[in-house]
Amino acid sequence: SCLATDKHLLTVTLPSLCADASTLNCFYDELCRTYDALVRGDEFHVEAMQYADFAAWQNELLESDVANAGREFWQQREGTERGNTTFDSVARFVVGDVAVASGIDRATFLQTCWQTLLWRLTRQSKIVMGQVFTGRNYDELKRAFGLIAKCVPVKFNLDHDPSFAEQLRETAKDISE
């Protein structure tokens with residue numbers, strides 16, 4: 001929309017199945033770089049992987065030995081029902097400071113707090129929680145558009161009554177697998 005001769009408004013709407021948070025960040029970065037290049041009169045070309053390329057690559061992976069190893073990995077893990085939980089960032093800075101002091105990222109710290117609370121409330125020592133991964137571990141995918149993020153179950157075991165510091169380390173290890 002043209003607000004004035006020197007002011008414009010761009011509105012972008014996407015169905016939720018077309019983009020994850022990383023896609024929106026990539027879109028914003030690419031839009032800014034393209035606009036900046038056009039304003040300066042520079043040429044701008046980015047050959048980012050397209051979602052169709054990603055889908056074809058995923059289909060190839062499903063038929064590979066890597067997929068079989070992945071299936072075996074998940075078959076060794078017990079399946080349980082999955083629930084969704086979100087945290088408000090009420091104590092964002094305090095949590096961030098404690099997480100940094102522990103050498104753990106904020107998300108892992110909060111996940112450890114949540115699983116510890118669930119364990120104390122339910123006395124269930126085996127807890128499975130959904131963990132969202134961006135799915136952008138390869139350089140080719142870092143700038144790709146599309147719904148690539150995945151939520152995978154991560155199993156935590158508190159049978160041995162670990163200290164919070166031990167549980168932080170174990171949670172970080174479990175998530176990195």
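The basis for the numbers below is simple: all heavy atoms, side chains too, and nothing from hydrogens, waters or symmetry mates.
Among all heavy-atom pairs drawn from F156 and T171, the shortest one is CE2-CG2, 3.7 Å. A pairwise comparison of heavy atoms in P153 and V128 identifies CB-CG1, 3.6 Å as the closest pair.
Looking at Q167 and T116, their side chains never bring a donor and an acceptor atom within 3.5 Å of each other.
To the nearest 0.5 Å, the span separating CE on M129 from CG on L118 amounts to 6.0 Å. For the atom pair C113 SG and L168 CG, the distance stands at 7.0 Å (nearest 0.5 Å). Taking CD1 of I127 as the start and CD of Q111 as the end, the distance is 10.0 Å to the nearest 0.5 Å. Distance check: Q124 CD to L158 CG gives 11.0 Å after rounding to the nearest 0.5 Å.
With hydrogens and angles disregarded, a donor-acceptor distance shorter than 3.5 Å links the side chain of E166 to the backbone of S163.
Annotation: side-chain hydrogen bond (donor to acceptor under 3.5 Å, both in side chains) contacts of E43 (sequence neighbours excluded): H45. Every residue two or more places apart in sequence or in another chain that forms a side-chain contact (heavy atoms from CB on, under 4.5 Å) with D29 is listed here: R33, R143. Taking the side-chain hydrogen bond (donor to acceptor under 3.5 Å, both in side chains) definition, one finds that T34 meets it with nothing, sequence neighbours left out. Every residue meeting the salt bridge (Lys or Arg N to Asp or Glu O under 4.0 Å) condition with R40, not counting sequence neighbours, appears here in chain and number order: D36, D42.
Annotation for Y35: hydrophobic cluster partners, listed by chain and number, are V39 (ILVMFWY side-chain heavy atoms under 4.5 Å, direct or chained). Side-chain contacts under 4.5 Å among hydrophobic residues (ILVMFWY), followed directly or transitively, place Y28 with no other residue at all.
Within the 4.5 Å cutoff, no side-chain heavy atoms of Q115 are placed close to those of R120.
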